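Read the structure below first, then the notes.
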Amino acid sequence: MRSPMDCDSGGSDMPFRASVLTLYPDMFPGPLGASLSGRALNEGIWSLNATNIRDFAADRHRSVDDTPAGGGAGMVLRPDVLAAALDSVADGRPMLAPTPRGAPLTQARIRELVLGEGVILLCGRFEGFDERIFEARPLEPVSIGDYVLSGGELGAMVILDACVRLLPGVMGAASSGEEESFEQGLLEYPHYTRPVTWEGRTIPEVLRSGDHAKIAAWRHAQAVEDTRLRRPDLIERHGGASQAPPSGARRRDTKAKEK
Ligand code: ADE
């Protein structure tokens with residue numbers, strides 16, 4: 001188990017281990033091989049293993065799917081093949097299956113995952129998984145949004161990216177992530193940089209004032225305002241708790257045009 005202290009001390013010795021079960025192992029690491037996550041992969045901060053589900057097919061045609069019981073379009077991944085694939089990597093790490101039928105993925109769940117030894121991700125294709133796999137194995141269905149992708153691989157990459165950037169040593173020391181969107185039940189405050197005036201729009205004066213208390217209060221007010229406008233569901237979910245003043249805030253585009 002990783003402890004939050006690892007974040008302060010620069011990291012646990014053990015890499016965060018990701019095992020992906022997929023019909024398209026060549027899709028990995030894909031974008032995870034670039035930028036922050038790619039460097040962290042090369043540095044051994046995390047490891048990635050992609051295994052082909054087809055390797056666990058038992059028949060000579062190597063079939064992994066079959067027609068849906070009750071009729072209908074598409075094909076369904078067989079539970080016996082999925083179970084054999086899962087059992088080959090199961091070692092106590094959380095097992096997640098990206099699917100639009102899953103519970104929405106949250107930053108809070110990502111934070112929990114990062115404290116563990118790693119994660120196992122089962123990627124579906126076609127019409128999805130035989131439902132019995134969720135009863136027979138401790139497999140958590142998770143959705144990355146209310147839209148349908150052609151498979152779970154991009155969902156798995158999203159989950160891994162969200163985890164890896166939080167691993168000790170991946171982001172700069174300054175980036176604890178505590179002021180980011182969702183961490184306080186709010187969207188993050190908006191950012192500005194030079195030039196001070198661009199296309200007639202000037203950076204809000206308060207951000208140039210040097211008054212850190214005023215800046216923090218302004219950012220918090222903007223975070224609340226933007227969250228109310230763009231994501232009222234977040235405010236409701238946190239029961240208004242997000243009004244408590246943290247040290248950051250956010251603003252609106254319309255306001256940015258005022259000065
Ligand atoms: N697979 C297909 N669509 C998905 C979604 N919205 N979230 C997670 N996995 C998926």
Side-chain angles (χ1 to χ4, degrees), residues 15-34 37-38 40-42 46-106 109-110 112-114 116-164:
F16 181 86
R17 287 180 300 115
S19 298
V20 180
L21 303 166
T22 167
L23 289 167
Y24 298 95
D26 292 351
M27 287 176 75
F28 292 86
L32 297 173
S37 53
L41 192 56
N42 288 333
W46 70 294
S47 70
L48 174 64
N49 213 296
T51 302
N52 197 332
I53 294 170
R54 204 172 289 284
D55 293 346
F56 300 90
D59 64 345
R60 66 190 177 88
H61 300 293
R62 302 185 81 209
S63 30
V64 295
D65 58 349
D66 211 329
T67 53
M75 299 290 273
V76 178
L77 289 167
R78 293 170 53 124
D80 52 346
V81 177
L82 295 175
L86 282 171
D87 293 348
S88 76
V89 289
D91 58 2
R93 283 172 292 164
M95 301 199 288
L96 276 59
T99 163
R101 278 170 44 79
L105 183 67
T106 63
R109 183 69 186 114
I110 295 292
E112 286 172 2
L113 292 173
V114 166
E117 306 294 335
V119 69
I120 294 167
L121 293 154
L122 178 66
C123 304
R125 282 268 150 182
F126 320 120
E127 286 309 301
F129 310 100
D130 184 304
E131 190 64 18
R132 290 170 293 180
I133 194 65
F134 294 102
E135 297 157 15
R137 296 292 182 278
L139 185 60
E140 180 184 336
V142 289
S143 168
I144 62 156
D146 292 341
Y147 40 79
V148 182
L149 305 169
S150 48
E153 287 78 9
L154 290 176
M157 288 176 195
V158 165
I159 294 166
L160 290 177
D161 182 90
C163 287
V164 167

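Note that the structure is a prediction, hence the values are computed from the model and not measured.
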Notebook entry, point to check: Do you know the tightest heavy-atom contact between P79 and I133?
Noted result: O-CD1, 3.8 Å
Next item on the list: Answer yes or no: are there more than 12 heavy-atom neighbours, outside D87 itself, under 6.0 Å from its atom CG?
Entry: yes
Notebook entry, point to check: Is R93 close to S19 at the side-chain level, that is, under 4.5 Å between some pair of heavy atoms?
Noted result: yes
Item checked: V119/L96 under side chain to side chain contact (heavy atoms under 4.5 Å, CB included): CA gap, chis, key distance, verdict -> CA-CA 7 Å; V119 69; L96 276 59; 4.0 Å; yes
Margin query: How close do A90 and I120 get, counting heavy atoms only, and between which atoms?
Written below: CA-CD1, 3.8 Å
Next item on the list: Answer whether the closest heavy-atom distance between the side chains of V20 and C123 falls below 4.5 Å.
Entry: yes
Item checked: Shortest non-hydrogen contact between E127 and G74, atoms and distance -> CG-CA, 3.6 Å
Check: Quick one: does V164's side chain get under 4.5 Å of L41's, heavy atoms only?
Finding: no
Check: Do you know the tightest heavy-atom contact between P31 and S37?
Finding: O-OG, 4.0 Å
Next item on the list: Report the C-alpha distance between L122 and I53 in whole Å, list the side-chain angles of each, state the deciding distance to 0.1 Å, and finish with yes or no for side chain to side chain contact (heavy atoms under 4.5 Å, CB included).
Entry: CA-CA 9 Å; L122 178 66; I53 294 170; 4.0 Å; yes
Note to self: Looking at every heavy atom in both F134 and P141, which two are closest together, and how far apart are they?
What the structure shows: CE2-CB, 3.8 Å
Checklist line | Approximate separation, where rounding is to 0.5 Å, of M27 CE and L154 CG | finding: 5.0 Å
Check: When you look at L32 and D161, which way does the side chain to side chain contact (heavy atoms under 4.5 Å, CB included) test go after all the steps?
Finding: CA-CA 7 Å; L32 297 173; D161 182 90; 3.9 Å; yes
Next item on the list: Give a yes or no on whether R125 atom CZ has more than 12 heavy-atom contacts from other residues, nucleotides or ligands under 6.0 Å away.
Entry: yes
Item checked: Derivation of the side chain to side chain contact (heavy atoms under 4.5 Å, CB included) call for N52 and L23 -> CA-CA 5 Å; N52 197 332; L23 289 167; 3.9 Å; yes
Item checked: S63 side chain vs D65 backbone, donor-acceptor pair below 3.5 Å -> no
Check: Measuring from E140:CD to L121:CG, what's the distance to the nearest 0.5 Å?
Finding: 10.0 Å
Note to self: If you define the side chain from C-beta out and look only at heavy atoms, does anything of W46 sit under 4.5 Å from L160?
What the structure shows: yes
Notebook entry, point to check: How long is the span from the OG atom in S150 to the OH atom in Y24, to the nearest 0.5 Å?
Noted result: 9.0 Å
Notebook entry, point to check: Does a salt bridge link R132 with E135, judged by any charged N lying under 4.0 Å from a carboxylate O?
Noted result: no
Notebook entry, point to check: Taking all atoms of both residues into account, what is the closest heavy-atom pair of G118 and P94, and its distance?
Noted result: O-CD, 3.3 Å
Checklist line | Whether R54 side chain and R62 backbone form a donor-acceptor pair below 3.5 Å | finding: yes
Item checked: From OG1 (T51) to CG (L86), nearest 0.5 Å -> 11.0 Å
Check: How long is the span from the CG atom in L77 to the CG atom in L21, to the nearest 0.5 Å?
Finding: 11.5 Å
Item checked: Reported OG-to-CG distance for the pair S143 and L105, which is rounded to 0.5 angstrom -> 8.5 Å
